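Everything on this sheet refers to the single structure shown next.
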There are 2 protein chains.
Amino acid sequence: MSSKLFVSAQEVAEKAGVSRSAVSRTFTPGASVSAETRRRVLEAAEALGYHVNHLARGLMRNESGIVCLIVSDVATPYRSALLRELTIQLQNAGKVAMFINTDRSDGSVDRALQQAIRYRADASIILSGLPDKSITQLCLRNGQRLVLINRDDDQPGPLKINLDDFESGGRVATAFFRAGCRSLAFANSEAGTPSLMRREHGFVAAAAKLGLDVTVERHGSTGYEAGKVLAQRMLTRAERPDAVFCATDLLACGFMDAARHQFGLSIPHQLCVAGFDDIEQASWSSFDLTTFAQPVMTIATRAVEWLGSGRDDATSEVEHSVRLTAELIWRGSIRAG
Amino acid sequence: MSSKLFVSAQEVAEKAGVSRSAVSRTFTPGASVSAETRRRVLEAAEALGYHVNHLARGLMRNESGIVCLIVSDVATPYRSALLRELTIQLQNAGKVAMFINTDRSDGSVDRALQQAIRYRADASIILSGLPDKSITQLCLRNGQRLVLINRDDDQPGPLKINLDDFESGGRVATAFFRAGCRSLAFANSEAGTPSLMRREHGFVAAAAKLGLDVTVERHGSTGYEAGKVLAQRMLTRAERPDAVFCATDLLACGFMDAARHQFGLSIPHQLCVAGFDDIEQASWSSFDLTTFAQPVMTIATRAVEWLGSGRDDATSEVEHSVRLTAELIWRGSIRAG
DNA sequence: TATAAATTTGCAAGCGCGTGCAAAAGGTGC
DNA sequence: GCACCTTTTGCACGCGCTTGCAAATTTATA
């Protein structure tokens, strides 16, 4: 290994027989270089294995090209799917993704966020349920653009991407009604995330309008285990519901497993089930779950596009808010009307 | 918004009434500053909202603190679990994780990797099945330390973390034998990843030793759908196997679903199944899959520790190789001996 | 108290790069 | 040929930081 690890623009310049500025300009889109100089520079750069040092470039330009992804529950199917799409699109847009995991709620999150600020990330995308406002404020205060996905926040500035959770809840109630169900239930987590609550409220409101009974139960996280617990609670009741809308596909999977294996219920004949997210497992034949697909691709596209668009001009104060509709994916967990 | 986005060490120095070096030293562990100066600097920094600019620091130190995660199939349960652990531990070690997604096989991967090099990442952790050697070479050539997880590579330098796949395969064969199974099968993907092949070979070798029949079938990726297809192929045969080891839990899930819902087989009574990875779904009661748990936590710990340890000294040429054992998790998909 | 040793501090150079400015080069029309 | 305009090039400065070195300060020792 040579002691000098990286080649600098200086060396490229010497080899190409031009000035250092010429090298710099060759790698700066839109700068003024003649075709001939450019060619010679590129040739020398290739030969020497030169890579522009983005640390230095970011230092000069006051723009690092780094986008920070702030995520919790990465290992969850829905989150990892969204993450996948975001990273791919950021990559295609020439940005680079820096990762911050907020699963641990101790100080490490703060420390990690500080790190992102130290690297002068241009923007942060928050796809974390963590309701800690201080995080978003810290990002904003440090001049980052901010994208909030499925997460309420009343501060102006950030782009907010949300789904029509309320309406989706309503659509499920209608679907259950058409399927002949009369005693509805909503299985939610205790997290109390706004998007989850909107699903609940939309469902309850629509059910009321249809004159249907609806009970709501909340427990634990949005995961599989919580779904099982919720099933145990709701299915041991005297008047067992004949349809349940789970706030999350994972909850639904847990609920279905308990309903079938512990209570011997047949789905959809004795119990109709719907979920939300359209995680991969929802399509597995063990579940065959009717659910709402989050438009992951569109979410990512919108987020990245917005980041690419110029920095807020005078119009800085307008509310940037996008509302997407979740697509209902019909499968076998609700019987046909 | 002020036009001046960030406060510099200079401003902190002025406010604290010390030199700029003093500020720098305050934020450099191990540097020589008196308690009093340090206090005043920290106070001023806090008041002004100062954050060390790591772009500049990286430029000086020739060490960015960035670790690059090169990942494919992020949305896969096993990968996302590993990713989760890695990011958490990197974070705790004060490193920052940069994300590169190699799912798209077009030029974007190369472009993204170039990006990482441009940011002068100190190291890369490759948890991608992508067999492209040029990637690892590019990392090494640019002075990065390299960790390869479950991935063969004969070049010296990188830390290689692997599992005892071969032995695991053997243990499954034995377990099937004890369960009374006599006609074994191995369901693999076409990917041909070394770790998958080792599982296959270990299984086949042990089966042969036990005098058992064993058929091998390979198809598609390591996902659920491929598992279904494999089941269709293997279960329509005249002599149907009574036990199948799937190279991956996802394959196993697909296999089980097809076996049950399309072939009406009862698991484990008519068919024993084992998988590998211990993804969350393996523990779901719909699957209750006996499988091998990858020591995700240990893998991450080892990787991060190694990155933290000093750069290769004279001992640079020794092979860094770690071999971990996968823990067999007994569940209900293999009947008791 | 004087002097040697240890610690702290400021100065200044430089990390690799982008860019404004003025000089140089190239092009056009008469 | 000249005057004029456009494009290209090099110089030199500065982005925010670290660090070797020598001066200034504190502490320990005689």
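So that the names make sense, note that chain A is the first sequence line, chain B the second, and so on, each numbered from 1. What you are looking at is a predicted structure, and each value in this text was computed from that prediction instead of being measured.
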Testing the basics here: between B:Ile161 and B:Ile299, what is the closest heavy-atom pair and its distance to 0.1 Å? CD1-O, 3.7 Å
Between P of D:dG14 and CG of A:Leu55, the distance in whole Å: 22 Å
For A:His51 and C:dC17, what is the distance between atoms NE2 and P respectively, to the nearest whole Å? 12 Å
From the options D:dG16, C:dC17, C:dG10, select the nucleotide whose nearest atom is closest to the side chain of B:Val18. C:dG10
Checking B:Asp122 side chain against B:Val67 main chain: does a donor-acceptor pair fall under 3.5 Å? no
Out of C:dC15, C:dT19, C:dT9, minimum distance to the side chain of A:Arg61 belongs to C:dT19
Identify the residue among A:Arg118, A:Gln114, A:Gln115 that makes a side chain to side chain donor-acceptor pair (under 3.5 Å) with B:His51. A:Gln114
Starting at CD of A:Gln10 and ending at C1' of D:dG10, how long is that distance when rounded to a whole Å? 12 Å
B:Met60 CE to C:dC17 P: how many Å, rounded? 15 Å
N or O in side chain of B:Ser24 less than 4.0 angstrom from D:dT19 OP1/OP2: no
Roughly, in whole Å, what's the span from CG in A:Leu59 to C1' in C:dG14? 13 Å
Nearest-Å distance for atom pair CG/C1', residues B:Asn62 and C:dG14: 12 Å
Tell me whether the side-chain N/O atoms of A:Tyr50 come closer than 4.0 Å to OP1 or OP2 in C:dC17. yes
Between D:dC17, C:dG16, C:dT9, spot the one nearest the side chain of A:Ser8, thanks. C:dG16
Want to settle it: does B:Val23 or A:Arg20 sit nearer the 5' end of DNA chain D, counting the closest nucleotide to each? A:Arg20
Can you tell me which nucleotide in D:dG10, D:dG16, C:dG10 comes closest to the side chain of B:Asn53? D:dG16
A:Ser309 side-chain N/O to A:Trp306 backbone N/O, donor-acceptor pair under 3.5 Å: yes
Between A:Glu36 and A:Arg39, does any NZ, NE, NH1 or NH2 come within less than 4.0 Å of an OD or OE carboxylate oxygen? yes
Specify the residue among B:Arg120 and B:Glu36 whose closest nucleotide of DNA chain C lies further upstream toward the 5′ end. B:Glu36
What integer distance in Å separates A:Glu63:CD from C:dC17:P? 17 Å
Candidate nucleotides C:dG18, D:dC17, D:dT8, ranked by approach to the side chain of B:Arg57 - the nearest: D:dC17
For B:Ser19 and for A:Thr28, locate the closest nucleotide of DNA chain C by heavy-atom distance; then report the residue assigned to the nucleotide nearer the 5' terminus. B:Ser19
Under 3.5 Å donor-acceptor, A:Asn142 side chain and A:Gln144 backbone: no
Go through the N and O atoms of the side chain of A:Arg25 and the base of D:dG10, and report whether any donor-acceptor pair is under 3.5 Å. yes
Check whether the side chain of A:Ser21 and the base of D:dC11 form a donor-acceptor pair under 3.5 Å. yes
Candidate nucleotides D:dT19, C:dT8, C:dG16, ranked by approach to the side chain of A:Ala56 - the nearest: C:dG16
Which part of the nucleic acid, if any, lies within contact of A:Phe27, taking any heavy atom under 4.0 Å across all strands shown: a base, the sugar-phosphate backbone alone, or nothing? nothing
Could you check how far CZ of B:Arg38 sits from P of C:dT7, rounded to whole Å? 16 Å
With a 4.0 Å limit, can you tell me whether B:Ser34 has a side-chain N or O closer than that to the phosphate oxygens OP1/OP2 of C:dT9? yes
